[in-house]
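Single-structure report; data block below.
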Protein chains: 2
Amino acid sequence: MNIGAAARQSGLPAKTIRYYEEIGLLRADRAANGYRDYSTEDIHRLRFVQRARSLGFSVEECRQLLSLYSDRDRASADVKAIAQEKLGEIDRKIAELTGLRHMLGHLVSSCHGDDRPDCPIIDGLAGKVTH
Amino acid sequence: MNIGAAARQSGLPAKTIRYYEEIGLLRADRAANGYRDYSTEDIHRLRFVQRARSLGFSVEECRQLLSLYSDRDRASADVKAIAQEKLGEIDRKIAELTGLRHMLGHLVSSCHGDDRPDCPIIDGLAGKVTH
DNA sequence: GTTGACCTTCCATCGACTGGAAGCCCCACA
DNA sequence: TGTGGGGCTTCCAGTCGATGGAAGGTCAAC
């Protein structure tokens, strides 16, 4: 299967698949004409990576997960540890964004937003505390 | 004031201040010896940018905000529009992360996490639906 | 034989820094 | 007056995860 079909089946752009190959995340056989050639197992791996990336795992974590994916004897605890670490990161990010949301929301709601120049948002950013 | 002191007072690393100057976000006078020289107004602008960045505004948005900051006659509505757009982005990010959190949390909690090899997290990433 | 889609490699770019090298400058202390 | 150390300068490279584009080879249909 050529890279275009692999891209359609995995949900990853062809460019990205080549990039993953370049950084050694996934490699592909080559047909006689030099084209990359993907097996159904390759497609599974591509989809696996696509899902893991979309769940917020970094490329390096995908590398780890792929090797755990391929290792039929690894303990599920090894996988769970990575996923839990990632869960913690996601929670931290959500908390951070929620904090931002409160601060910015406060500034926005205190700004009358008309054609007058005084603006609590600018004042807030400038360090003048507004209540 | 030299860049080191400006860095301490603004909370931005000196490297970052130089970078901001390089991209034309903020510029600085030069002393006779070629050192950058910051006034208190420069420090205000640096702190302004530092706060805006930490609230999730991009550098380009900081550029806009800075010009609104400097324009004593602009309408507060102009500022509010930018801030509201950013608020929407933050909300979308939070929603996305919350979705991820649910999915990954589901996978993690369904994995027994011991030394046996079967693992719903890997199965989930591999596309095998687990309930 | 000639389109046009698809494939290849290679190089550049994005955002927002960050690290490091090489070389001035300045001040305190001996 | 010399020396040491810290701070400053510029410039170049690297980060992460792609993405865009150029130049050129391949393939299948008409």
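Any value given below was found using the heavy atoms of this structure, including those in side chains, with hydrogens, waters and symmetry copies removed. Lettering of chains follows the sequences in order, A, B, ..., and the numbering in each one begins at 1.
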> Is it the case that B:R45 and B:S70 place a side-chain donor and acceptor less than 3.5 Å from each other?
Replying inline: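 Side chains of B:R45 and B:S70: pair found under 3.5 Å.
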>> Looking at the base of D:dG17, is there any donor atom on it, or on the side chain of A:K15, that sits under 3.5 Å from an acceptor on the other one?
In response: no
In whole Å, I'd like the distance from the [atom1] atom of [X] to the [atom2] atom of [N].
X     : N      : atom1 : atom2 : answer
A:R27 : C:dT8  : CZ    : C1'   : 19 Å
A:I23 : D:dA18 : CD1   : P     : 8 Å
A:E22 : C:dT8  : CD    : P     : 13 Å
A:E60 : D:dC16 : CD    : P     : 7 Å
B:Q50 : C:dC17 : CD    : C1'   : 15 Å
B:E21 : D:dC8  : CD    : P     : 14 Å
B:F57 : C:dA16 : CZ    : C1'   : 17 Å
B:Y35 : C:dC27 : OH    : P     : 9 Å

Please determine whether a side-chain nitrogen or oxygen atom of [X] lies at a distance below 4.0 Å from atom OP1 or OP2 of [N].
X     : N      : value
B:T16 : C:dT18 : yes
B:R30 : D:dT10 : yes
A:R53 : D:dC16 : no
B:R63 : C:dA16 : no

>> Heavy-atom nearest nucleotide on DNA chain D for A:Y19 versus B:G34: which residue maps closer to 5'?
In response: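 The residue mapped nearer the 5' terminus is B:G34.
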>> Let me spell it out: for each of A:P13 and A:A32, pick the nucleotide of DNA chain D with the closest heavy atom. Which residue's pick is nearer the 5' end?
In response: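 In this pair, the answer is A:P13.
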> Does any N or O in the side chain of A:R36 come within less than 3.5 Å of the main-chain N or O of A:I3, such that one atom is a donor and the other an acceptor?
Replying inline: no
> Backbone N or O of A:Q9 within a donor-acceptor pair of the A:R47 side chain at under 3.5 Å?
Replying inline: yes
If you only use heavy atoms from C-beta on, which nucleotide in [options] is closest to the side chain of [X]?
X     : options                : value
B:N2  : C:dC7, C:dT9, D:dC8    : D:dC8
A:R36 : C:dC17, D:dT19, C:dT8  : C:dT8
B:I3  : D:dC8, D:dA18, C:dC17  : D:dC8
A:N33 : D:dT26, C:dC17, C:dT18 : D:dT26

>> Counting only heavy atoms not in B:R30 (residues, nucleotides, ligands), do more than 12 fall under 6.0 Å from its CZ?
In response: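 Above 12, so yes.
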>> Any base atoms under 4.0 Å from A:R18, or only sugar-phosphate, or nothing? Heavy atoms, all strands.
In response: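 It contacts base atoms.
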>> salt bridge (Lys or Arg N to Asp or Glu O under 4.0 Å), that's the test. Do B:E60 and B:R63 meet it? Break it down for me.
In response: CA-CA 5 Å; B:E60 282 317 302; B:R63 206 187 291 277; 3.0 Å; yes
